[in-house]
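Everything on this sheet refers to the single structure shown next.
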Amino acid sequence: MVLKTIAYPFGEVKYYKGFIHVKFNEDLDEVKIEYSKKLFENIEGFYGSEKYVLISERNLKTSFNADLMKNLNLSKMRGLAVVSEEGVSRREELIKEQSLFKGSFAYFTNYKAAEEWARTFD
């Protein structure tokens, strides 16, 4: 059950018990640091001291600079799932992203599989 939905200029975020689904707009070219900071500020406000899993669903043409993760407080994020239909094309980007995150990391080609994975953390 969705607990809260927030529309941003870069996409839509749905909050669930224990996990967040971030679906970036299909026409988004780049996930910028200001987007990420605002998103994580709202996540912290919603979950407080609770740990959570983040599902990041993004189109192949959406670039993500994994280095921006260094500027975010990810201490309460215990899992990160990336959903993209074209993972082979993103391989190098995903490897770098995974190396900067200390929690569980997974890649999926569809949202349903990522959601099932996120629910295993309950």
Side-chain angles (χ1 to χ4, degrees):
M1 178 173 88
V2 177
L3 303 174
K4 182 177 185 176
T5 301
I6 300 177
Y8 293 92
F10 55 85
E12 183 178 73
V13 179
K14 292 184 178 182
Y15 292 79
Y16 298 84
K17 182 182 181 298
F19 73 95
I20 307 108
H21 176 208
V22 181
K23 184 167 185 175
F24 291 98
N25 293 338
E26 289 188 20
D27 62 349
L28 183 68
D29 292 327
E30 177 185 8
V31 178
K32 298 182 179 177
I33 186 67
E34 57 268 18
Y35 298 163
S36 297
K37 284 184 176 180
K38 182 63 178 168
L39 174 62
F40 277 90
E41 180 182 299
N42 289 342
I43 290 170
E44 292 289 321
F46 184 83
Y47 287 106
S49 62
E50 291 179 47
K51 295 199 177 261
Y52 58 86
V53 174
L54 184 116
I55 299 172
S56 175
E57 186 172 0
R58 43 188 125 115
N59 195 329
L60 181 61
K61 64 184 176 182
T62 303
S63 73
F64 175 79
N65 181 349
D67 287 330
L68 70 84
M69 291 173 72
K70 295 176 185 175
N71 297 312
L72 302 171
N73 178 5
L74 305 178
S75 63
K76 294 179 189 138
M77 189 166 72
R78 59 184 177 176
L80 172 61
V82 176
V83 178
S84 180
E85 292 178 11
E86 296 291 333
V88 175
S89 302
R90 302 191 95 114
R91 183 173 162 73
E92 294 303 315
E93 181 181 321
L94 291 171
I95 289 170
K96 184 172 185 184
E97 193 171 338
Q98 182 176 15
S99 72
L100 295 171
F101 179 64
K102 292 181 176 40
S104 295
F105 185 94
Y107 167 77
F108 300 92
T109 56
N110 66 73
Y111 170 75
K112 188 68 178 159
E115 180 181 333
E116 289 172 9
W117 179 79
R119 291 185 185 280
T120 66
F121 286 83
D122 285 344

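Throughout, numbering of the chain's residues begins at 1 and tracks the sequence.
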- Inspect the surroundings of NZ in K76 and state if more than 12 heavy atoms from other residues, nucleotides or ligands are less than 6.0 Å away. yes
If I compare all heavy atoms of [X] with all of [Y], which pair ends up nearest, and what's the gap?
X	Y	value
L3	K17	CD1-N, 3.6 Å
A118	I55	CB-CD1, 4.0 Å
F40	L54	CZ-CD1, 4.4 Å
R78	D122	NH2-N, 4.1 Å
G79	F121	CA-CZ, 4.4 Å
M1	R119	N-NH2, 4.5 Å

- Task: List the steps and the verdict of salt bridge (charged side-chain N to carboxylate O under 4.0 Å, His left out) for E41 and K38.
- Result: CA-CA 5 Å; E41 180 182 299; K38 182 63 178 168; 3.5 Å; yes
- Task: Kindly compute the distance separating OG1 (T5) from NZ (K23), expressed to the nearest 0.5 Å.
- Result: 13.0 Å
- Measure from the side-chain N and O atoms of Y107 to the backbone N and O of S84, and report whether any donor-acceptor pair falls under 3.5 Å. yes
- Is the side chain of K51 donor-acceptor paired with the backbone N or O of S75 at a distance under 3.5 Å, no angle test? yes
- Task: Give me the ring orientation class for Y47 and Y52: parallel if the planes are under 30° apart, tilted from 30 to 60°, perpendicular past 60°.
- Result: parallel
- Message: Over 60° means perpendicular and under 30° means parallel, so tell me whether F19 and Y16 are parallel, tilted or perpendicular.
- Response: parallel
- Close side-chain approach of Y15 to N42, heavy-atom, < 4.5 Å: yes
- Task: Check whether any side-chain heavy atom of L74 lies under 4.5 Å from a side-chain heavy atom of L80, and answer yes or no.
- Result: no
- Evaluate the side chain to side chain contact (heavy atoms under 4.5 Å, CB included) criterion for residues F108 and N110: first the C-alpha distance (whole Å), next the side-chain angles of each, then the deciding distance (0.1 Å), finally the verdict. CA-CA 6 Å; F108 300 92; N110 66 73; 5.8 Å; no
